[in-house]
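Below: the structure, in structure tokens.
Heavy atoms only: backbone and side chains are in, while hydrogens, waters and symmetry mates are out. Along the sequence shown, the residues carry numbers beginning at 1. On a predicted model such as this, the values are computed, not experimentally measured, just so you know. All ligand and atom numbering here is 1-based and tracks the order in the structure.
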Amino acid sequence: MKIGVLGSGDVAKSLAAGFLKHGHDVTVGSRTPAKLADWAAANAGAAIGTFNTAAANGQLIVLAVKGAVAEDVLRLAGAGNLKGKTVIDATNPIADAPPVNGVLPFFTDFKESLMEQLQREFADAHFVKAFNSVGNTLMVNPQFKDGKPTMFICGNNEKAKAEVRGILDQFGWETADMGKAEAARAIEPLCILWCIPGFTSNQWTHAFKLLTH
Ligand SMILES: NC(=O)c1ccc[n+]([C@@H]2O[C@H](COP(=O)([O-])OP(=O)(O)OC[C@H]3O[C@@H](n4cnc5c(N)ncnc54)[C@H](OP(=O)(O)O)[C@@H]3O)[C@@H](O)[C@H]2O)c1
């Protein structure tokens with residue numbers, strides 16, 4: 001599959017490397033593609049370009065940019081390039097302020113998540129929240145002694161979620177589908193929970209698991 005990854009940070013690079021590892025065709029986008037040259041040289045087969053180029057090349061889009069600029073980046077990517085496509089939304093609405101006792105501040109509230117805002121602005125794209133509640137080093141085929149961890153996802157389009165479930169299967173995750181876009185009000189704050197042991201005890205190597213009968 002052709003994947004357009006929007007972002008040049010750790011999440012974009014980790015996920016892009018995962019897609020390459022699993023045989024996908026990847027274009028990674030940035031405002032300044034040159035900053036990805038060393039990464040592309042070390043990751044055979046990766047193409048780099050602008051946000052617009054990455055979105056145009058991708059049949060499926062990965063959004064992996066700072067939450068506060070997610071809407072700006074999608075505008076640069078071009079609404080037309082997102083139309084009808086699945087957009088994996090890995091972003092978190094983290095505010096520009098330090099954590100308090102390990103608890104990150106968000107710029108959203110429980111009435112509307114960042115993903116709902118993006119879905120409203122880019123109504124023709126099919127957003128699926130995923131990969132936001134785990135550190136980037138654990139996103140692709142993480143190994144835990146207790147088995148596969150759980151990725152909580154949500155989104156309004158069933159076909160898009162099925163596509164993301166297939167990718168999560170490849171990337172070594174169990175998928176827990178929490179329903180429509182509103183569920184992102186609960187899934188985005190999992191990032192806050194995930195980060196607390198990191199900030200308070202320098203523990204960054206855990207993931208969530210949903211136990212069911
Ligand atoms: N770090 C993690 O382990 C982790 C785990 C789960 C979820 N997340 C979430 O994933 C997202 C990406 O995280 P990250 O740590 O990889 O990177 P990041 O530092 O949060 O974001 C870097 C990206 O944001 C873009 N950006 C920053 N300011 C911009 C602006 N004014 N206009 C347009 N683009 C701008 C950069 O674009 P350029 O390429 O043009 O510079 C770059 O691609 C975040 O929302 C984060 O909360 C992070």
Check your understanding: What's the shortest distance from atom 43 (O) of ligand 1 to any protein heavy atom, and which residue and atom give it?
Key -> Ser8 N, 2.9 Å

Exercise for review: Test side chain to side chain donor-acceptor pair (under 3.5 Å) on Thr50 and Asn52 and set out the steps.
Suggested key: CA-CA 5 Å; Thr50 61; Asn52 194 276; 5.2 Å; no

Exercise for review: Mark whether atom 19 (O) of ligand 1 lies under 4.0 angstrom from at least one protein heavy atom.
Suggested key: no

Check your understanding: Do other residues, nucleotides or ligands put more than 12 heavy atoms under 6.0 Å from Asp109 CG?
Key -> yes

Point to revise | Protein contact of atom 34 (N) of ligand 1 - nearest heavy atom, named by residue and atom, plus distance | key: Val73 CG2, 3.4 Å

Exercise for review: Would you check the N or O atoms of Val65, main chain and side chain alike, for any that come under 3.5 Å of an N or O of ligand 1?
Suggested key: yes

Exercise for review: May I ask you to decide if His126's main-chain N or O and Thr86's side chain share a donor-acceptor pair within less than 3.5 Å?
Suggested key: no

Review point. Using 30° and 60° as the class limits, which term best fits the ring planes of Trp194 and Trp204: parallel, tilted or perpendicular?
Key: tilted

Study note, to complete from the structure: Looking only at protein heavy atoms, what sits closest to atom 30 (C) of ligand 1 is Arg31 NH1, 3.2 Å

Practice item. Output yes when Glu112 and Arg185 qualify as a salt bridge under the 4.0 Å nitrogen-oxygen rule, no when they do not. Key: no

**Study point:** Backbone of Asn132 reached by a side-chain donor or acceptor of Asn92 within 3.5 Å
**Key:** yes

Practice item. In plain terms, say whether Arg75 and Glu71 are close enough for a salt bridge, that is, a side-chain N and a carboxylate O under 4.0 Å apart. Key: yes

Point to revise | Atom indices of ligand 1, in the order listed, that fall short of 4.0 Å to a heavy atom of Gly7 | key: 43 (O)

**Study point:** Polar atom proximity, Thr91 to ligand 1 (N or O, under 3.5 Å)
**Key:** no

**Study point:** Partner of Thr91 under side chain to side chain contact (heavy atoms under 4.5 Å, CB included), chosen from Met115, Lys129, Lys66
**Key:** Lys129

Point to revise | Winner among Phe106, Phe51, Trp204 once heavy atoms are compared against atom 37 (O) of ligand 1 | key: Phe51

**Study point:** Lys83 atom NZ, neighbour heavy-atom count above 12 within 6.0 Å
**Key:** no

Exercise for review: Give yes or no for whether the N/O distance cutoff of 3.5 Å, strictly under, is met between Lys35 and ligand 1.
Suggested key: yes

Point to revise | Region of Ala90 that comes within reach of ligand 1 [heavy atoms, distance under 4.0 Å] | key: backbone

Review point. What is the nearest protein non-hydrogen atom to atom 17 (O) of ligand 1, stated with its residue, atom name and distance?
Key: Gly9 CA, 4.0 Å

Practice item. May I ask you to identify the nearest protein heavy atom to atom 2 (C) of ligand 1, giving residue, atom name and distance to one decimal place in Å? Key: Val11 CG2, 3.5 Å

Point to revise | Distance-only N or O hit between ligand 1 and Asp10, under 3.5 Å | key: yes

Review point. Heavy-atom count around Lys180 NZ within 6.0 Å, excluding the residue itself: above 12?
Key: yes

**Study point:** Identity and distance of the protein heavy atom lying nearest atom 5 (C) of ligand 1
**Key:** Val134 O, 3.1 Å

Exercise for review: Kindly say whether Gly58 contributes a backbone atom to a donor-acceptor pair with the side chain of Lys85 at under 3.5 angstrom?
Suggested key: yes

Check your understanding: Can you tell me if Lys21 and Asn141 form a side-chain donor-acceptor pair at under 3.5 Å?
Key -> yes

Check your understanding: Mind checking whether Asp72 has an N or O less than 3.5 Å away from an N or O of ligand 1?
Key -> no

Practice item. Mark yes or no for whether Asp124, through its side chain, and Gly84, through its backbone, hold a donor-acceptor pair below 3.5 Å. Key: no

Check your understanding: Taking only heavy atoms of Gly67, which atoms of ligand 1 are found under 4.0 Å from at least one of them?
Key -> 45 (O)

Point to revise | Which residue and heavy atom of the protein sit nearest atom 21 (O) of ligand 1, plus the separation | key: Lys66 N, 3.2 Å

Review point. Should one rank Leu76, Leu190, Val69 by closest heavy-atom distance to atom 26 (N) of ligand 1, which comes out on top?
Key: Val69

Point to revise | Closest protein heavy atom (residue, atom, distance) for atom 46 (C) of ligand 1 | key: Asn92 N, 4.1 Å

Review point. In ligand 1, which numbered atoms sit nearer than 4.0 Å to a non-hydrogen atom of Met139?
Key: 5 (C), 6 (C)

Check your understanding: By number and element, which atoms of ligand 1 are closer than 4.0 Å to a non-hydrogen atom of Gly135?
Key -> 3 (O)

Review point. Which ligand 1 atoms are under 4.0 Å away from a heavy-atom of Ile94?
Key: 47 (O)

